[in-house]
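In what follows, a single structure is set out as structure tokens and then discussed.
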Amino acid sequence: MTFRAVNLTPLLLLLAVAPLGAQERPTFTAQANTVFVTAQGKFESPPDTAVLQFNISAQEDTYRAAYDRATRESQQVREILRANGIEPKAAEIGFFSIQPVYDWKQPKRKLVGYRVNSGVTLKLRDFSKVGPIVQAVGDLEFAENVNLSYTLEDIDAAKLKAVDDAFQHARAEAATVARAGGRSLGELSYASVDTYEQVRVLAAPMVATRAMGARMEAAAPPTAEFSPQKISVTARVNAMFALK
């Protein structure tokens, strides 16, 4: 880290380090016999949960026809899940909507049909099932906005470890400056914490025609044999310590 201002006097020792990223460190009146530091900590871990998200979409001339088609499409999704040993109730519906579709090319709008949209989220702990399910969902003509991401189920625990790492760096830097001024480090008198989670999203635009799906049937799923990228959680600690 870069030291921006250090005033070594018997009464005041102030350390200011360059802000990390676009965030600015807190502004406050420096106190005598204190040292202030900003430090960054990090925690990385392999993900334990894969999150698959996609939309089910259907459009027909009438409200009822669109609804019935969406029902049939949802049944196909349930069959895919059961074929991979997953109960359909494991998937969550985020939204469901039925909206009229208009033709705006005419001077007066014309109703041309109805469109059904619903969002589905599926969390998988068994990564061996990710590839087959992503491929099967991608082969569905009605599946839209297919996205795959990885995360940690207990992300709060990861944030705490990142904060602990940041605080250890902050204390070590403050102790170094204190020794340089012939002082020793006292108790923590102020601290603020920010955490940032880096989410990895893999776009999977695999909406394919059935003919294309047949040609790709023998190929391995796009995610096969690759390792999910680690989840990275970053923490920033602003800390003020008393000087002895």
Between Leu243 and Leu185, does a side chain to side chain contact (heavy atoms under 4.5 Å, CB included) hold up when you go through it step by step?
CA-CA 5 Å; Leu243 290 175; Leu185 202 63; 4.3 Å; yes
Please give me the minimum heavy-atom distance between [X] and [Y], naming the atom from each residue.
X      : Y      : answer
Ala235 : Ala166 : O-CB, 3.7 Å
Arg78  : Pro88  : CG-CB, 3.7 Å
Ala178 : Ser184 : CB-C, 4.2 Å

Which label fits Phe241 and Phe167: parallel for a plane angle under 30°, tilted from 30 to 60°, or perpendicular past 60°?
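Rings of Phe241 and Phe167: tilted, 30 to 60°.
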Does the side chain of [Y] come within less than 4.5 Å of [X]'s, by heavy atoms?
X      : Y      : value
Leu52  : Val120 : no
Phe142 : Val77  : yes
Tyr150 : Pro46  : no

Residues Asp103, Arg109; criterion side chain to side chain contact (heavy atoms under 4.5 Å, CB included); working and verdict:
CA-CA 6 Å; Asp103 180 3; Arg109 70 176 186 178; over 6 Å; no
To the nearest 0.5 Å, tell me how far [X] [atom1] sits from [Y] [atom2].
X      : Y      : atom1 : atom2 : answer
Phe54  : Thr121 : CZ    : OG1   : 8.5 Å
Lys159 : Phe43  : NZ    : CZ    : 13.0 Å
Glu153 : Asp48  : CD    : CG    : 6.5 Å
Glu141 : Glu73  : CD    : CD    : 9.5 Å
Ser74  : Ile56  : OG    : CD1   : 4.0 Å
Gln76  : Ile80  : CD    : CD1   : 7.0 Å

Quiz question: by atom type and distance under 3.5 Å, do the side chains of Arg115 and Ser57 form a donor-acceptor pair?
yes
Within one Ile-Leu-Val-Met-Phe-Trp-Tyr cluster: [X] and [Y], side-chain cutoff 4.5 Å:
X      : Y      : answer
Ile86  : Phe127 : yes
Ile133 : Ile93  : yes
Val193 : Val37  : yes
Leu111 : Val116 : yes

Verdict with reasoning, Asn55 to Val146, per side chain to side chain contact (heavy atoms under 4.5 Å, CB included):
CA-CA 7 Å; Asn55 294 345; Val146 183; over 6 Å; no
Check this for me, if you would: do [X] and [Y] make a salt bridge, where the nitrogen-to-carboxylate-oxygen distance has to be below 4.0 angstrom?
X      : Y      : answer
Arg72  : Asp68  : no
Arg171 : Glu187 : no
Glu44  : Lys42  : yes

Look only at the side chain of [X] and the backbone of [Y], and say whether a donor-acceptor pair between them is shorter than 3.5 Å.
X      : Y      : answer
Arg236 : Thr38  : no
Arg183 : Lys244 : yes
Lys129 : Asn84  : yes
Asp61  : Gly113 : no
Asp126 : Ser128 : yes
Asn147 : Gln53  : no
Ser189 : Met240 : yes

Flag if over 12 foreign heavy atoms under 6.0 Å of OH, Tyr102
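Atom OH in Tyr102 is crowded, with more than 12 foreign heavy atoms closer than 6.0 Å.
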Check the surroundings of atom OH in Tyr67: do more than 12 heavy atoms from other residues, nucleotides or ligands lie under 6.0 Å from it?
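12 or below, so no.
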